[in-house]
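Let me begin by presenting the structure, written as structure tokens, before commenting on it.
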Amino acid sequence: MYLVESKGGAILCMLISLMFLGTWPAVMTLLERRGRLPQHTYLDYSITNLLAAVIIALTFGEIGKSTPDSPNFFVQLSQNNWPSVLFAMSGGVVLSIGNLSTQYAWAFVGLSVTEVITSSITVVIGTTLNYFLDDKINKAEILFPGVGCFLTAVCLGSFLHASNAADNKKKLESLSSDYTVGAEATDVSTSKETVTNNVGAKDLENGSCSAGKAKAGTAGFLIALENRRAIKVFGKSTLIGLTITFFAGGCFSLFTPAFNLATNDQWDTLKEGVPHLSVYTAFFYFSVSCFVLAIILNITFLYHPVLNLPRSSLKAYVRDWNGRGWAFLAGFLCGFGNGLQFMGGQAAGYAAADAVQALPLVSTFWGILIFGEYRKSSGRTYVLLVSMLFMFIVAVGVLMGSSGHRK
């Protein structure tokens, strides 16, 4: 099997992973804002997310000769390594729950702030655990200041969300006159109560709703977006979104330590003579458990939806091809992103690999470019946004600089 052994190779894996993991949430958010049910999107995403792990296992995991100390993927499937397999699968479970939670948090809190808070919690808790699990191979004097930067970023992200929410409230109260005259869809001149549930409408998936005809950042844009999106957020407390976000962050903070235990067996759970799970075999089991739980939960949510979403069915899901290709792409991006993170972490330490949690840098870029987040906001909001992004840039550099080399 192929192993990343150099520090440079590990950092390259982390950088590519950072791009992939920062992009897939934007794709999922795009579909929700076009009205596609998140249950449908997540089921599609789960298929290609697992497929990415299978591809990685059958390629990198099978390159070269299998040896007793470094067995290839197929050889390890028949070995008695179940304690490590269970660690890998538990990591997949918490990641699946975390990803599923963020899919709802994006609607309430916004793509940028959700990713900031969850990533920062992941680093503060997960990186600290990984540092000790990795026998302190990362430079503590560099690593923990980086963790501090992430912690600062989560505070700035919370303030940014509060400031942006206040800006939006003012826009809705005044019902901005910047709304495009003659737009074909929802009339926003009446009141906020004109928002209706149009999830079933065809034009939602085609992106032909009026949000595209209103200026980004205006009250008209916000109301037209609410009309077409799948998850309705007007009138709901922002505390719901923040609660979901912090819960997701707690889940994310545990998946890399669990994967670390699966591949390095720090607790000596394997019998003598049984080799450690390779990163590819562990990632396969990790992704299988992630897939199974996602299928169970999302099929349940089809018939018993949460947050007042419309009820759906397996038949409706199978027939829903609008946006399916984008959902498949999101699954591949997340799958390969996670795989590359683990490959880099196995070489340079999982604490350093948590530098990919600077993915909000990428997500915020897409949020501003595609979704018009923070358009026409207050000066205070812009200052907080720039400060938050600056702290992430510093944090990712510091964490990568702490990379060590596993013996």
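Only heavy atoms go into these numbers, but all of them, side chains included; no hydrogens, no water, no symmetry mates.
Of all non-hydrogen atoms in Pro310 and Leu37, the two that sit nearest each other are CD-CD2, 3.7 Å. Across every non-hydrogen atom of Val4 and Cys13, the tightest pair is CG2-SG, 4.0 Å. Shown here for Cys334 and Asn99, the closest heavy-atom pair between the two residues is SG-ND2, 4.2 Å. When all heavy atoms are compared, the tightest approach of Ser287 to Ala53 is OG-CB, 3.2 Å. Between Tyr285 and Ala88, the closest heavy-atom pair is CB-CB, 4.3 Å. For Leu270 against Val274, the heavy-atom pair with the smallest separation is CD1-O, 4.0 Å.
At least one donor-acceptor pair under 3.5 Å links the side chain of Ser253 to the backbone N or O of Gly250. In this structure a side-chain-to-backbone donor-acceptor pair under 3.5 Å is present from Lys232 to Asn227. Under a 3.5 Å cut-off, the side chain of Arg36 and the backbone N or O of Asn322 do form a donor-acceptor pair. Within the 3.5 Å criterion, the main-chain N or O of His276 finds a donor-acceptor partner in the side chain of Gln76. Side-chain atoms of Ser377 come within 3.5 Å of backbone N or O of Tyr374 as a donor-acceptor pair. Here the side chain of Ser101 pairs no donor or acceptor atom with the backbone of Ala248 at under 3.5 angstrom. Listed for the Glu115 side chain is no donor-acceptor partner under 3.5 Å among the backbone atoms of Gly22. Side-chain atoms of Trp82 never come within 3.5 Å of backbone atoms of Gln79 as a donor-acceptor pair (strictly under, hydrogens ignored). The backbone N or O of Val383 lies less than 3.5 Å from a partner atom in the side chain of Ser387, making a donor-acceptor pair. One N or O on the side chain of Gln39 and one on the backbone of Phe301 form a donor-acceptor pair closer than 3.5 Å.
Annotation: side chain of Asp44 is not in contact with side chain of Thr48 (no heavy-atom distance under 4.5 Å). Between Gln103 and Ile231, every side-chain heavy-atom pair lies at or beyond the 4.5 Å cut-off. Looking at Ile125 and Leu129, their side chains come closer than 4.5 Å, going by heavy atoms from C-beta outward. Between Thr263 and Phe342 there is no side-chain heavy-atom pair separated by less than 4.5 Å. You'll find the side chain of Ser278 reaches within 4.5 Å of the side chain of Thr281, heavy atoms only. Using a 4.5 Å cut-off on side-chain heavy atoms (C-beta onward), Val109 and Leu242 make contact. A heavy-atom distance below 4.5 Å is not found between the side chains of Phe291 and Asn49. Two residues are said to be in side-chain contact when any heavy atoms from C-beta on lie closer than 4.5 Å; Leu58 and Phe73 meet this criterion.
Electrostatic pairing of Arg375 and Asp167 does not count as a salt bridge here, judged by no charged N lying under 4.0 Å from a carboxylate O. Contact check on Glu32 versus Arg229 returns a salt bridge, with a Lys/Arg side-chain nitrogen under 4.0 Å from an Asp/Glu carboxylate oxygen.
Taking a 6.0 Å sphere around CZ of Phe159, one finds it holds 12 or fewer heavy atoms contributed by other residues, nucleotides or ligands. Environment of CZ in Phe390: sparse, with no more than 12 heavy atoms of neighbouring residues, nucleotides or ligands closer than 6.0 Å. Heavy atoms from other residues, nucleotides or ligands lying under 6.0 Å from OH of Tyr42 number more than 12.
Once rounded to the nearest 0.5 Å, the distance linking CG of Leu297 with CD1 of Ile97 reads 7.0 Å. Note that CG of Leu100 and CG of Leu293 are 8.0 Å apart. Values are rounded to the nearest 0.5 Å. For the atom pair CG (Leu302) and CG (Leu43), the distance works out to 5.5 Å, reported to the nearest 0.5 Å. Separation of atoms CG (Asn168) and OG (Ser163) is listed at 9.5 Å; rounding is to 0.5 Å. Note: His40 NE2 to Leu314 CG = 8.5 Å, rounded to the nearest 0.5 Å. Taken from CH2 in Trp106 to OG1 in Thr118, the straight-line distance is 9.0 Å, to the nearest 0.5 Å.
The aromatic ring centres of Phe20 and Phe332 sit 6.0 Å or more apart. Between Phe259 and Phe87, the ring centre distance reaches or exceeds 6.0 Å.
The aromatic rings of Phe132 and Phe144 are tilted relative to each other, their planes meeting at an angle between 30° and 60°. Using cut-offs of 30° and 60° on the angle between ring planes, the pair Phe60 and Tyr280 is parallel. Between Trp24 and Tyr45, the ring-plane angle classifies as parallel under the 30° and 60° cut-offs.
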message: side-chain contact (heavy atoms from CB on, under 4.5 Å) for Cys251 and Phe255? Distances and angles first, verdict last.
response: CA-CA 7 Å; Cys251 292; Phe255 83 89; over 6 Å; no

task: Assess whether side-chain contact (heavy atoms from CB on, under 4.5 Å) is satisfied between Val94 and Phe252, documenting all intermediate values.
output: CA-CA 7 Å; Val94 291; Phe252 288 148; over 6 Å; no

message: Let's go through Thr269 and Asp265 carefully: what are the C-alpha distance in whole Å and the side-chain angles of both, what is the deciding distance for side-chain hydrogen bond (donor to acceptor under 3.5 Å, both in side chains) to 0.1 Å, and is it a yes or a no?
response: CA-CA 6 Å; Thr269 57; Asp265 192 36; 2.7 Å; yes

Derivation of the side-chain contact (heavy atoms from CB on, under 4.5 Å) call for Thr245 and Thr102: CA-CA 6 Å; Thr245 301; Thr102 56; over 6 Å; no

- prompt: What's the verdict on side-chain hydrogen bond (donor to acceptor under 3.5 Å, both in side chains) for Thr122 and Ser119, showing C-alpha distance, side-chain angles and the deciding distance?
  reply: CA-CA 5 Å; Thr122 301; Ser119 295; 5.7 Å; no

- prompt: Which is it for Trp366 and Leu30 under the side-chain contact (heavy atoms from CB on, under 4.5 Å) test, yes or no, and what are the steps along the way?
  reply: CA-CA 10 Å; Trp366 291 122; Leu30 176 66; over 6 Å; no

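Relative to the six-membered ring of Tyr317, Arg324 meets both conditions, a distance below 6.0 Å and an angle of at most 45° to the axis.
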